[in-house]
Amino acid sequence: MIPASQESAHAASGHARDWRRQWRESIVDPHELLQMLELDHLRCRLPVSPPHGFPLRVPRAFVARMRLREPSDPLLRQVLPLDEENLPVAGFGLDPVGDLAARAGPGAGVLQKYHGRALLIATGSCAVHCRYCFRRHFPYGEETAARGGWRDALAWLRDHEAINEVILSGGDPLSLATHRLSELTAGLRALPGVTTLRIHTRLPVVLPARVDDELCEWLAALPLSKVIVIHANHANEFDEEVDAALLRLRQAGCVLLNQSVLLQGVNDSLEALSDLSRRLLESRVMPYYLHALDTVAGAAHFAVDDARAKELMVALRNRLPGYLVPRLVREIEGQESKSPLEPVEFPLVKTESEPNASKAVIRRLAKHR
């Protein structure tokens, strides 16, 4: 990792420094990133221009957790643009999970795919540009719920009383100033059917200073059930500042879950996945989903074969207690829920007393041993 002496001016001050300033000081030049990590020999793999208009952005606090002179560092791999992102790959497109078809109304920034839940595209901004992002081609300029003080999104919610959970996504909803988030929840209080606010965010991990006093006071005062789903893919993403940010969120009354993406060269090993689950437990965050890669253009080099993914889940179940094993899922356009990827079946077991037992019954029994 980068020595503290080298990055102290940017990462060591944590919550003492304003998160907006840290955001502004994020690294946006891949050549600078490689120079910091002493990896100048990788410049030949950089694209001439940002792939698909999706440039590098990574906070220095996150870079400080990367290892020097290590081209396969799992944190670096998640953010470094590579020339292969510009290669067309069959089956990888611009809208891999059907977001555009799920838009509730033009310009409202509301997506509805699942019963009782509505997702608001709060913003297109994010503190880190993950190269596998499934919304890297999303038309944020046309669909942003925060536009106009959330007016259109709140109007849609008022007309759909069956919605009981509002999910903030993006981009990253915590990219917004806290007073903008407060505008939304002031409107939600007038909707008696909405009981839960869920926030999907990467910022507590990549920019933990975002979890400041103002944010925590807003969360603590909300008369709603509060669920925050963070996004971490590797145990190395955690440090003391991240732990402190997560503690503050718990103290504000939030339930903390984690979702990951299974990524080749990042976490596609039993050791990486088990280390991540254990590290999450240390931070009092429960593993939630492990997503199969969404087939978004530019991310094919992260793909892990389904058979390999299922093998990893069987091995993970054998190594960890059940509460530390995330659910392996894929999002499929038009489905009413995330689609589980079932692990390979246990071997069939027959006994002499049951020579003609139904294979289907035995499979069910084996699954619940």
Side-chain angles (χ1 to χ4, degrees), residues 19 23 97 99 102-105 107-114 116-128 130 133-135 138-140 142-158 160 163-191 193-208 210-212 214-232 245-246 248-250 252-259 285 288-289 291 331 338:
W19 66 274
W23 183 299
V97 297
D99 278 346
R103 288 181 292 184
V110 179
L111 308 182
Q112 190 185 20
K113 298 181 181 182
Y114 308 136
R117 287 155 282 175
L119 184 146
L120 307 189
I121 300 292
T123 175
S125 296
C126 192
V128 63
C130 301
C133 178
F134 70 99
R135 288 202 182 112
F138 188 83
Y140 290 108
E142 304 169 15
E143 293 287 338
T144 303
R147 183 188 296 113
W150 309 90
R151 181 185 58 252
D152 293 338
L154 287 167
W156 186 92
L157 290 169
R158 278 193 296 272
H160 293 79
I163 300 298
N164 54 62
E165 181 176 15
V166 171
I167 303 166
L168 297 187
S169 185
D172 196 306
L174 295 191
S175 300
L176 295 173
T178 302
H179 73 85
R180 298 294 307 282
L181 297 169
S182 183
E183 291 174 355
L184 169 66
T185 49
L188 292 180
R189 294 185 185 191
L191 306 176
V194 175
T195 60
T196 303
L197 178 68
R198 191 197 320 173
I199 301 174
H200 285 225
T201 177
R202 189 109 159 91
L203 263 70
V205 175
V206 302
L207 190 64
R210 174 62 184 97
V211 185
D212 57 12
E214 185 184 11
L215 180 72
C216 293
E217 289 167 4
W218 165 69
L219 287 168
L222 287 181
L224 297 168
S225 298
K226 302 174 288 281
V227 179
I228 293 184
V229 183
I230 67 167
H231 177 184
L246 298 174
R248 301 191 81 194
L249 293 174
R250 292 199 311 276
C254 301
V255 174
L256 299 185
L257 307 174
N258 180 69
Q259 62 178 0
V285 180
Y288 176 38
Y289 278 148
H291 290 267
E331 184 168 355
K338 299 290 192 299

(request) Indicate yes or no for a side-chain donor-acceptor contact from R210 to the backbone of L203 under 3.5 Å, with no hydrogens or angles considered. (result)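 Checked: no pair found.
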(request) Examine distances only and state if a side-chain atom of S182 and a backbone atom of T178 form a donor-acceptor pair shorter than 3.5 Å. (result)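 Checked: no pair found.
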(request) Using the test side chain to side chain donor-acceptor pair (under 3.5 Å), find all partners of Q112 that sit at least two apart in sequence or belong to another chain. (result)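 Not a single residue meets the side chain to side chain donor-acceptor pair (under 3.5 Å) criterion with Q112.
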(message) Under the rule for side chain to side chain donor-acceptor pair (under 3.5 Å), what residues qualify as partners of R198, not counting sequence neighbours?
(response)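 Counting only residues at least two positions away or on another chain, R198 forms a side chain to side chain donor-acceptor pair (under 3.5 Å) with E165, H200.
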Is the shortest heavy-atom distance from the side chain of [X] to the side chain of [Y] under 4.5 Å?
{"X": "S169", "Y": "L120", "result": "no"}
{"X": "C254", "Y": "L219", "result": "yes"}
{"X": "L168", "Y": "L184", "result": "yes"}
{"X": "F138", "Y": "I121", "result": "yes"}
{"X": "L246", "Y": "V285", "result": "yes"}
{"X": "D99", "Y": "K113", "result": "yes"}
{"X": "L188", "Y": "L222", "result": "no"}
{"X": "R189", "Y": "P223", "result": "yes"}

(message) Just to verify, which of T201, I199, V128, L207 counts as forming a side chain to side chain contact (heavy atoms under 4.5 Å, CB included) with D172?
(response)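 Of the listed residues T201, I199, V128, L207, the side chain to side chain contact (heavy atoms under 4.5 Å, CB included) partner of D172 is T201.
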(message) Under the criterion side chain to side chain contact (heavy atoms under 4.5 Å, CB included), I'd like the reasoning laid out for R103 against V110: C-alpha separation, chi angles, the key distance, then a yes or no.
(response) CA-CA 6 Å; R103 288 181 292 184; V110 179; over 6 Å; no
How far apart are the closest heavy atoms of [X] and [Y], and which atoms are they?
{"X": "P173", "Y": "L181", "result": "O-CD2, 3.6 Å"}
{"X": "E183", "Y": "G149", "result": "OE1-CA, 3.7 Å"}
{"X": "P204", "Y": "A245", "result": "O-CB, 4.2 Å"}

Does the side chain of [X] come under 3.5 Å of the side chain of [Y] through a donor N or O and an acceptor N or O?
{"X": "S175", "Y": "R180", "value": "no"}
{"X": "W218", "Y": "T185", "value": "yes"}
{"X": "N164", "Y": "T195", "value": "no"}

(message) Once you measure the plane-to-plane angle for H291 and Y289, does it fall in the parallel (<30°), tilted (30-60°) or perpendicular (>60°) bin?
(response)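 Ring orientation of H291 relative to Y289: perpendicular.
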(request) Inspect the contact between R248 and D212 and indicate whether a charged nitrogen and a carboxylate oxygen are less than 4.0 angstrom apart. (result)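 No, this pair does not count.
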(request) Flag the pair D152 and R147 as a salt bridge only when some basic side-chain nitrogen lies within less than 4.0 angstrom of an acidic carboxylate oxygen. (result)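 The answer is no: the pair does not qualify as a salt bridge.
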(request) Any chance you could measure Y288, atom OH, to N258, atom CG, to the nearest 0.5 Å? (result)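 Going from the OH atom of Y288 to the CG atom of N258 covers 11.5 Å.
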